[in-house]
Structures are given as structure tokens and as C-alpha cells.
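As the structure lists them, so they are numbered: ligands from 1, and atoms in each ligand from 1.
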Amino acid sequence: MDIPFVDLETQYNRLRPEIDDAIQSVIDDTAFVRGPYVSEFEEAYAEAYGVDHCISVSNGTDAIYVVLRMLGIGPGDEVITVANSWISTSETIGQTGAKPVFVDIEPEYFNIDADQIEEKISENTKAIIPVHLYGQPAKIDTVTEIARAHDLYVIEDTAQAHFAEYDGQRVGTFGIAGTFSFYPGKNLGAYGDAGAIVTNDDELARRCRMFSDHGASEKHDHEIEGINSRLDGIQAAVLSVKLPYILDWNQDRYEHAQKYTRRLKDIPGITPPAVRSDASHVFHLYVIRVDEGRDELQSFLESQGISTSIHYPTALPFLKAYEHRGFQPSDFPVAHDYQEQILSLPMYPEMTEEMIDCVTSLIGDWAKERS
Ligand SMILES: *Cc1c(COP(=O)(O)O)cnc(C)c1O
């Protein structure tokens with residue numbers, strides 16, 4: 001059985017009439033950039049998320065950058081973030097002129113180790129960016145407590161965790177702002193690049209909206225120099241069609257994850273992902289750890305038609321982009337060791353039980369063969 005890592009086609013086929021209509025309407029109305037379809041999506045997302053403001057931008061990377069800039073973060077400042085994430089989380093810090101300061105991950109949950117944050121705070125620290133990686137909330141209560149004690153902003157990178165909850169509260173609503181990506185493969189995905197910022201801070205919302213449209217609050221009224229990071233009408237229309245389904249899709253992902261875990265938990269050398277007891281995990285990615293032979297397992301699965309992936313093959317501090325910082329493996333031992341162990345299995349709402357059985361029995365066969 002061939003199983004892709006992500007399948008966007010099946011979902012499109014199910015929603016095809018709605019999506020095609022939505023796209024056609026945008027074209028008929030020539031409402032291509034910002035405009036009514038974008039406003040409609042922003043309002044719907046803010047309402048669904050239970051926040052005062054949703055500001056759409058061109059992608060999830062800009063969402064972080066725009067918030068950082070509008071909080072006044074820049075050269076000479078430091079921003080604390082996590083050693084294992086997609087580079088957007090740290091490159092946006094660098095884009096402002098500030099310095100990313102990395103913290104190792106917690107061994108069980110792959111997220112920022114909140115107990116190691118305080119020792120990284122200096123007099124230049126301005127903010128913390130936790131990432132709710134793979135769809136699992138970071139230990140956000142501890143992060144916000146530390147931030148409050150040291151007068152720091154918290155910006156939650158929620159690109160992988162739309163609608164996940166910690167202690168019954170949606171992630172992305174704990175700090176000054178939450179940032180989202182609607183990249184096609186994310187839990188809520190557009191048909192191209194798209195992103196958004198959510199916040200309950202009126203002034204920050206106003207500034208983010210202005211900055212992302214050339215610094216103009218009204219057309220030609222440029223209060224500041226900004227950037228061009230606006231959402232397309234077509235992306236907004238696709239997102240508006242998909243939004244009503246997100247909670248069901250997250251639930252489907254969660255159920256698939258439970259099935260995976262039940263079938264994998266007794267295989268020697270394989271560690272399924274742990275779920276925090278005080279949080280809901282929306283399984284953007286289902287990431288196992290393989291004690292030994294991860295690459296071999298990946299090739300074996302590939303040879304059997306199963307596509308897998310690695311998130312991420314190199315932890316941020318060890319990327320070439322940060323070579324000049326001179327980090328050592330012992331600076332981030334957990335993130336460093338996990339680079340060789342983590343493996344992301346196929347995960348999307350449209351998976352079937354048969355597919356999960358197929359993947360897990362092949363992993364079982366491989367482990368038996370190896371022992
Ligand atoms: C996808 C992603 C982003 C960036 O989103 P884009 O829309 O691709 O710019 C940021 N952070 C994390 C953790 C992501 O997974």
C-alpha cells in the first residue's frame with residue numbers, strides 16, 4: 001500500500017464544489033488582495049478563536065516578524081526561543097536585528113524546556129517565543145509566569161497547533177500575540193502561502209495591520225515604513241471554506257494518533273509521542289523516536305511505499321546559518337540527540353485505520369528483523 005506523508009488531494013476532492021465556488025467568487029469580484037474575502041476570514045477566525053483581533057498576513061513567518069517589529073524589538077535585543085523548530089521562529093528574530101537565544105527541549109514533549117528559560121535571561125532580553133511544536137502545547141503557564149516576573153513579551157508560534165488547548169485555553173491566546181501559518185500542509189491550510197496574527201491588544205493589532213500594508217492605516221497615509229505582507233482574497237476564501245471543519249479534522253488526527261500509539265507502544269526501540277495530561281494535542285505531526293537505526297527504518301518504509309519525514313534533521317543552533325555562534329552539542333544535548341532519532345509518520349485527517357495498520361505492522365516487522 002502506498003501511503004503519502006500528507007494528502008491534500010483527498011480533502012480537496014471532498015470539498016471541491018465549495019472551494020471551486022469560493023475561488024470563482026473572488027475572481028468574479030476581482031477582490032484579489034485584502035478586501036471583503038480577507039476581512040470575512042479574519043472576522044471568522046477571530047470569532048472561532050475567541051480573540052478580539054485577527055490580522056492576516058502573507059505567511060506564518062511574516063506573522064512572527066510583524067509582531068516582533070511592532071513590539072519594538074530590534075538591534076541589541078535578545079529573544080529567547082527553542083532549539084528545535086522550523087527556522088521561521090529564529091530567522092524572524094534575526095531579521096529584526098535582535099539575537100535569537102536558544103533553549104533546549106524537554107525530553108518527553110519536544111517543546112521548550114521552561115525550566116531552562118530563566119538562566120538564559122539577560123538585561124537585553126525582550127521576549128520569549130515558545131513554539132507549540134508538532135501540535136502539542138508548550139508548558140505555556142510556566143513560560144508566561146517567567147515572562148511576567150521579568151517583564152518580557154510572550155509571542156506564541158502556533159503555526160503547528162491551531163486550536164490546541166492548554167488547561168482548557170487555546171494556545172496562541174496566552175501571550176501578547178499568537179502567530180499562525182496556513183501553509184497548505186498545516187492543520188488549517190490555504191492553497192498557497194498565508195498566515196495570521198491573533199491578539200487582544202487593540203494598539204498592537206492596529207500597528208500590525210498597518211505595518212503589514214506598507215505602514216499605512218489609510219491608503220497613502222503612511223505613518224511608518226512597513227512591508228508588503230497582505231493576504232490574497234483567494235487564500236482567504238479557501239480558508240473560510242475550511243475553517244468550519246478544523247475541530248473535526250483535529251479530532252480525526254487525535255484519533256489516528258491514539259491508534260498509532262496503541263500499535264507502537266510495545267515495539268522495542270520505538271517511543272511513541274507522549275501527550276501532556278493538561279493539554280490537547282492536535283497532531284500536526286506524529287513524531288516517534290527510534291533508539292537506533294532511524295535512517296534505516298525510514299529507507300525500509302520508503303521501499304514499502306510509506307513516505308515519512310524528519311522535523312527537523314538539524315536543530316536550529318546546529319544549522320549552518322548559526323555556525324558563527326559556535327554552539328556545541330553539549331549546549332543543547334536533548335535537541336542534539338533527537339536529531340538522529342525522530343521520525344514523522346504519515347498524518348492527516350483523511351487517513352484510514354487500514355493505513356495506520358499498514359505503517360505500524362511494517363515498523364513492527366522492521367524491529368523484529370533487527371533484534
Ligand atoms: C510553518 C511554520 C512557520 C512558518 O510558516 P510559513 O507560513 O511557512 O511562513 C513558523 N513556525 C513554525 C513552527 C512552522 O511550522
Trace of the side chain to side chain donor-acceptor pair (under 3.5 Å) decision for Asn250 with Arg253: CA-CA 5 Å; Asn250 281 349; Arg253 287 171 181 272; 4.6 Å; no
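- Atom numbering of ligand 1 starts at 1 in the shown order; those under 4.0 Å from a heavy atom of Val131 are 13 (C).
- Atom CG of Asp331 sits about 9.0 Å away from atom CG of Asp104, to the nearest 0.5 Å.
- Contact annotation for Asn59 and ligand 1: heavy atoms of both the backbone and the side chain come within less than 4.0 Å of the ligand.
- If you chain together ILVMFWY residues whose side-chain heavy atoms come under 4.5 Å of each other, Ile129 ends up grouped with Ile55, Val57, Ile64, Tyr65, Val66, Val67, Leu68, Met70, Leu71, Ile73, Val79, Ile93, Tyr153, Ile155, Ile176, Ile197, Leu204, Met210, Phe211, Ile224, Ile227.
- Screening Arg230, Arg206, Arg207 against Asp213 for a salt bridge (Lys or Arg N to Asp or Glu O under 4.0 Å) leaves a single residue, Arg230.
- At least one heavy atom of Lys186 sits less than 4.0 Å from an atom of ligand 1.
- A pairwise comparison of heavy atoms in Gly135 and Ala164 identifies O-CB, 3.8 Å as the closest pair.
- Summary of contacts: the protein heavy atom closest to atom 11 (N) of ligand 1 is Asp157 OD2, 2.7 Å.
- Each of the atoms 3 (C), 4 (C), 10 (C) of ligand 1 lies under 4.0 Å from some heavy atom of Ser88.
- What sits closest to atom 8 (O) of ligand 1 on the protein, heavy atoms only, is Ser181 OG, 4.0 Å.
- If you look at Thr61 next to ligand 1, the close heavy atoms, those under 4.0 Å, come from the backbone and the side chain alike.
- In this structure, Arg263 pairs ionically with Glu353, as a charged nitrogen and a carboxylate oxygen lie closer than 4.0 Å.
- The protein heavy atom nearest to atom 15 (O) of ligand 1 is Gln160 NE2, 2.8 Å.
- Numbered from 1 in the order shown, with element, the atoms of ligand 1 that lie under 4.0 Å from a heavy atom of Gly60 read 4 (C), 5 (O), 6 (P), 7 (O), 9 (O).
- In summary, the atoms of ligand 1 found under 4.0 Å from a heavy atom of Ser85, numbered by their order in the structure, are 13 (C).
- Of the charged side-chain nitrogens involved, none lies within less than 4.0 Å of a carboxylate oxygen, so that Lys219 and Asp221 do not count as a salt-bridged pair.
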